[in-house]
Number of protein chains: 2
Amino acid sequence: MALAGKRNSSAKLRSAAFRRIRADHLTELAEDYVELIADLIDERGEARGTDIALRLGVANATVVKTLKRLQDAGLVSQEPYRAIFLTGDGWKMAEDGRRKHKIVEGFLLALGVGAETARIDSEGIEHHVSEETLKAMARFLARSG
Amino acid sequence: MALAGKRNSSAKLRSAAFRRIRADHLTELAEDYVELIADLIDERGEARGTDIALRLGVANATVVKTLKRLQDAGLVSQEPYRAIFLTGDGWKMAEDGRRKHKIVEGFLLALGVGAETARIDSEGIEHHVSEETLKAMARFLARSG
DNA sequence: ACTATAGTTTAGCCAATGCTAAATTTACCC
DNA sequence: GGGTAAATTTAGCATTGGCTAAACTATAGT
Ligand SMILES: [Mn+2]
Ligand SMILES: [Mn+2]
Ligand SMILES: [Mn+2]
Ligand SMILES: [Mn+2]
């Protein structure tokens, strides 16, 4: 095989990682939204746009626009001026998000990271860990706790 | 303090994590670009747009546009139709990226994750770990290897 | 019932990041 | 040196996810 050919397949291999990251970023916001909505529903019976905006630290209008996309994606449902509900798919995604989130945050704590840092870092890391890495984290967690 | 007040400060605390993530996402692409450019320069003497596009898995035109932004940000420099260079700031960011990347990837390997998964997951995780978490990972790494 | 306030939506803007197709430039080969 | 092939840039488009300001709705208090 020529040098150019080797270069090509090596590059294709490497690019897989970046493709995965770009894909992760597309679902990341949706995951955080549905998880947050699930939390609000469990904590206080309903999820309102204002509360979502406040917890995410974005403007109300941003939440409205994002919820519209999530509705199109079949994750949430709502009537104008009413509270927000999760669809079946929405709940499924929220539960999976909670599962991952719990493992990653618990793992960081077990690793010796402070509570505040574990909370903040896990919010970002959770979207970029594969099932294999999650399994390794859970194993470590089980052994150390 | 009233209930609304408590809700408010709790929400403000939580929103810090999401603010950090949004900030991370703004620098994430820049970090990957400069690190990749540094690798290309070290590996083969120069970094060309085509190679960047190939390794990232995006179109050439996308690379051109992004490089323009990185140039405005003072991270890279280039003349039309010529190879791409890193500025002092660009090299600094690339070195820091390599440092973090190495720790995260090495850590995942030490945790028992397979080489391929460690490579892929670390490409995303590296942008969302604080210095405190990096330190904890380095500690684990030192102890286990 | 009216009205003030709080919550929500709409309108219109912007930046970042991706794409394809067409034009341009460079580099290499004869 | 001239002609091609590859690299590069430009043009034009779309989506995501942010913002502010203005308009609208629902609700709670009087
Ligand atoms: Mn989460
Ligand atoms: Mn998150
Ligand atoms: Mn990310
Ligand atoms: Mn990366």
Side-chain angles (χ1 to χ4, degrees), chain A residues 2-5 7-8 11 15 18-34 36-37 40 44-73 75-85 124 127, chain B residues 2-5 7-8 11 15 18-33 36-37 40 44 46-73 75-85 124 127:
Chain A
L3 183 59
R7 245 178 229 160
N8 235 290
S15 73
F18 294 108
R19 289 179 194 281
R20 232 278 308 273
I21 289 177
R22 288 197 296 273
D24 288 344
H25 283 160
L26 291 180
T27 48
E28 183 165 351
L29 195 70
E31 285 173 12
D32 284 339
Y33 264 76
V34 296
L36 179 48
I37 292 167
L40 286 169
R44 37 217 286 204
E46 64 171 17
R48 311 289 318 200
T50 307
D51 297 314
I52 297 174
L54 198 62
R55 291 218 189 167
L56 291 180
V58 299
N60 264 296
T62 300
V63 171
V64 172
K65 204 184 281 190
T66 304
L67 285 177
K68 221 160 264 164
R69 285 203 310 276
L70 297 185
Q71 203 166 8
D72 290 347
L75 294 169
V76 314
S77 76
Q78 76 169 323
E79 320 269 317
Y81 296 97
R82 289 275 124 78
I84 296 123
F85 297 93
H127 309 283
Chain B
L3 184 58
R7 244 179 228 159
N8 234 286
S15 73
F18 294 109
R19 288 179 194 281
R20 232 278 308 273
I21 289 177
R22 288 195 297 272
D24 289 344
H25 283 161
L26 290 180
T27 48
E28 183 164 349
L29 196 71
E31 285 173 12
D32 284 338
Y33 264 77
L36 179 47
I37 291 167
L40 286 167
R44 35 218 286 207
E46 64 171 16
R48 310 292 314 202
T50 306
D51 297 314
I52 297 175
L54 198 61
R55 291 217 189 169
L56 291 180
V58 298
N60 263 294
T62 301
V63 170
V64 172
K65 204 181 282 191
T66 304
L67 286 177
K68 222 160 264 164
R69 284 202 310 277
L70 297 185
Q71 204 165 9
D72 290 347
L75 294 169
V76 315
S77 76
Q78 76 169 324
E79 320 270 319
Y81 296 98
R82 288 276 124 77
I84 295 123
F85 297 93
H127 309 284

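Per chain, numbering begins at 1; letters A, B, ... match sequence-line order.
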Separation of [X] atom [atom1] from [N] atom [atom2], in whole Å?
X: B:Leu26; N: C:dA16; atom1: CG; atom2: C1'; value: 9 Å
X: A:Ile52; N: D:dG18; atom1: CD1; atom2: C1'; value: 16 Å
X: A:Gln78; N: D:dT25; atom1: CD; atom2: P; value: 16 Å
X: A:Leu70; N: D:dT15; atom1: CG; atom2: P; value: 16 Å
X: A:Asp51; N: C:dG7; atom1: CG; atom2: C1'; value: 10 Å
X: B:Leu67; N: D:dT10; atom1: CG; atom2: P; value: 12 Å
X: A:Glu46; N: D:dT27; atom1: CD; atom2: C1'; value: 13 Å
X: A:Arg22; N: D:dT15; atom1: CZ; atom2: C1'; value: 15 Å

TODO: To the nearest 0.5 Å, tell me how far A:Arg44 CZ sits from A:Asp51 CG.
DONE: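 With rounding to 0.5 Å, CZ (A:Arg44) is 4.0 Å from CG (A:Asp51).
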
CG/A:Leu40 to CZ/A:Arg55 distance, rounded to the nearest 0.5 angstrom?
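These two atoms lie 4.5 Å from each other.
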
### Query
Could B:Asp24 and B:Arg20 be called an ion pair, given the rule that one side-chain N must be under 4.0 Å from one carboxylate O?
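Salt bridge present between B:Asp24 and B:Arg20.
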
[Y] side chain reached by [X] side chain, heavy atoms, under 4.5 Å:
X: A:Tyr33; Y: A:Leu56; result: yes
X: A:Leu67; Y: A:Gln71; result: no
X: B:Ile84; Y: B:Ile52; result: yes

| message | Please tell me if A:Lys68 has a side-chain N or O lying less than 4.0 Å from either OP1 or OP2 of C:dT10. | response |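 Answer is yes, contact under 4.0 Å.
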
*Does B:Thr50 have a side-chain nitrogen or oxygen under 4.0 Å from the phosphate oxygens OP1 or OP2 of D:dA6?*
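No, outside the criterion.
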
Review point. For A:Glu79 and B:Ala30, take the nucleotide of DNA chain C holding the closest heavy atom to each; which residue's nucleotide lies nearer the 5' end?
Key: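 Result of the comparison: A:Glu79.
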
Open item on the list: Classify A:Leu29 by what it touches in the nucleic acid, base, sugar-phosphate, or nothing, heavy-atom distance under 4.0 Å.
Closed with: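 Since only primed, P, OP1 and OP2 atoms lie under 4.0 Å of A:Leu29, the category is sugar-phosphate.
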
Between protein and nucleic acid, restricted to nucleotides 2-4 of chain D and to nitrogen or oxygen atoms under 3.5 Å apart, what atom pairs and distances do you find?
none

Q: Just jot down the salt bridge (Lys or Arg N to Asp or Glu O under 4.0 Å) partners of B:Arg48, sequence neighbours excluded, or say none.
A: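 B:Arg48 satisfies salt bridge (Lys or Arg N to Asp or Glu O under 4.0 Å) with B:Glu46 once adjacent residues are dropped.
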
* Using a cut-off of strictly less than 4.0 Å between a heavy atom of the residue and any atom of DNA chain C, enumerate the qualifying residues of residues 59-66 of chain B by number. =>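 Heavy-atom cutoff 4.0 Å gives B:Ala59, B:Ala61, B:Thr62, B:Lys65.
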
Minimum heavy-atom distance [X]-[Y], with the two atoms named:
X: A:Ala30; Y: A:Leu70; result: CB-CD2, 3.7 Å
X: B:Leu54; Y: A:Ser15; result: O-CB, 3.6 Å
X: A:Ile37; Y: A:Ala47; result: CG2-CB, 3.8 Å

Original post:
For the helix from C:dA1-D:dT30 to C:dC30-D:dG1, what angle lies between the axis at the first five pairs and the axis at the last five pairs, to 10 degrees?
Top reply: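 What I find for the helix from C:dA1-D:dT30 to C:dC30-D:dG1 is an axis angle of 10°.
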
Review point. Backbone N or O of A:Gly57 within a donor-acceptor pair of the B:Arg22 side chain at under 3.5 Å?
Key: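 Yes.
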
Practice task
Only counting residues at least two apart or in another chain, list the ones meeting side-chain hydrogen bond (donor to acceptor under 3.5 Å, both in side chains) with B:Glu31.
Solution key: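 Testing B:Glu31 for side-chain hydrogen bond (donor to acceptor under 3.5 Å, both in side chains), a comparison that skips the adjacent residues, returns B:His127.
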
Any N/O pairs under 3.5 Å between the protein and nucleotides 23-27 of chain C? List them or say none.
{"unit_1": "C:dT25", "atom_1": "O4'", "unit_2": "B:Tyr81", "atom_2": "OH", "d": "3.3"}

